[in-house]
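To start, the structure under review is shown below, and the notes come after it.
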Amino acid sequence: MKQNRSDFYTSVWQIVEQIPIGRVTSYVAIARTLGAGKSARMVGYAMNACHLTNLNVPAHRVVNNKGLLTGKHHFGAPEKMQELLESEGLKIENDTVKNFTIVFWDPAKELNL
DNA sequence: ACTTTGACTATAA
DNA sequence: GTTATAGCCAAAG
């Protein structure tokens with residue numbers, strides 16, 4: 001499969017798009033699935049443009065490697081992201097996903113293989 | 001082509 | 001706990 005455009009962005013979007021409700025994943029996990037485990041920043045970068053896509057990208061389900069809602073400031077309102085996550089059954093405390101290791105959804109494991 | 005930037009991560013002080 | 005620094009890599013200017 002070959003994507004003429006920036007496959008990085010589209011790949012990120014497609015992965016994030018498949019995150020189940022009540023689950024979260026980390027930037028590094030997505031980057032790792034794309035074959036660039038160190039390109040976690042790029043994942044966030046792609047998220048910045050997720051609202052420009054036709055796809056429904058639940059960026060609120062993407063947090064940093066510690067479950068911290070690093071990108072909450074990009075949802076228009078800092079509390080929006082937490083509210084969305086809580087709306088999906090997740091528990092947020094101190095801007096961090098509780099039981100992060102439990103609700104963590106690894107695309108590299110759940111998606112493929 | 002070069003520089004800057006950024007929703008990251010890790011380590012150090 | 002914070003702030004600084006470095007490594008990382010792709011997109012945008």
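Chain letters run A, B, ... following the sequence lines, proteins first and then strands; every chain starts at 1. Quantities reported herein were computed from a predicted structural model and do not represent experimental measurements. Heavy-atom basis, side chains included; hydrogens, waters and symmetry copies ignored.
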In whole Å, what is the span from the [atom1] atom of [X] to the [atom2] atom of [N]?
{"X": "A:F8", "N": "C:dA12", "atom1": "CZ", "atom2": "P", "value": "13 Å"}
{"X": "A:D7", "N": "C:dC9", "atom1": "CG", "atom2": "P", "value": "15 Å"}
{"X": "A:H74", "N": "B:dC8", "atom1": "NE2", "atom2": "C1'", "value": "12 Å"}
{"X": "A:D95", "N": "C:dG1", "atom1": "CG", "atom2": "C1'", "value": "15 Å"}
{"X": "A:H73", "N": "B:dC8", "atom1": "NE2", "atom2": "P", "value": "11 Å"}

Roughly how far, to the nearest 0.5 Å, is the CG atom of A:D106 from the OG atom of A:S26? 7.5 Å

Interatomic distance, A:N48 atom CG to A:L52 atom CG [nearest 0.5 angstrom]: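 Output value for this atom pair is 7.5 Å.
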
Flag yes if more than 12 heavy atoms outside A:R23 fall under 6.0 Å of its CZ atom; otherwise flag no.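 It does: A:R23 CZ has more than 12 such atoms within range.
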
Using residues 74-89 of chain A as the side-chain source, report each donor-acceptor pair under 3.5 Å to any protein atom, sequence neighbours left out, with the distance given to one decimal.
unit_1: A:Q82; atom_1: NE2; unit_2: A:E86; atom_2: OE2; d: 3.2
unit_1: A:E88; atom_1: OE1; unit_2: A:R61; atom_2: NE; d: 2.8
unit_1: A:E88; atom_1: OE2; unit_2: A:H60; atom_2: NE2; d: 2.8
unit_1: A:E88; atom_1: OE2; unit_2: A:R61; atom_2: NE; d: 3.1
unit_1: A:E88; atom_1: OE2; unit_2: A:R61; atom_2: NH2; d: 2.9

Could one point to a donor on the side chain of A:R41 or the base of C:dC8 with an acceptor on the other under 3.5 Å away? yes

Look at the side chain of A:Y45 and the base of B:dA7, then say whether one donor and one acceptor between them are separated by less than 3.5 Å. no

Result of checking A:V97, A:N94, A:D95 against A:L68 for side chain to side chain contact (heavy atoms under 4.5 Å, CB included): A:D95

Determine: side-chain N/O of A:T70 to OP1/OP2 of B:dC8, distance under 4.0 Å, yes or no.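 So the side chain of A:T70 is within the cut-off, an N or O lying under 4.0 Å from OP1 or OP2 of B:dC8.
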
Verify the contact: side-chain N or O of A:K38 to OP1 or OP2 of C:dA10, cut-off strictly under 4.0 Å; return yes or no. no

Please answer whether the main-chain N or O of A:G67 pairs with a side-chain N or O of A:N64 as donor and acceptor at a distance below 3.5 Å. yes

To check you understand the geometry: which heavy-atom pair defines the closest contact between A:W13 and A:L55, and what is its length? CB-CD1, 4.1 Å

Would you indicate what A:Y9 reaches in the nucleic acid, counting non-hydrogen atoms under 4.0 angstrom: base, sugar-phosphate, or nothing?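 A:Y9: backbone/sugar contact only, no base atoms under 4.0 Å.
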
Sugar-phosphate, base or nothing in reach of A:K72, heavy atoms under 4.0 Å: nothing

Within residues 46-65 of chain A, which residues have any heavy atom lying less than 4.0 Å from an atom of DNA chain B? A:M47, A:N48, A:C50, A:A59, A:N64, A:N65

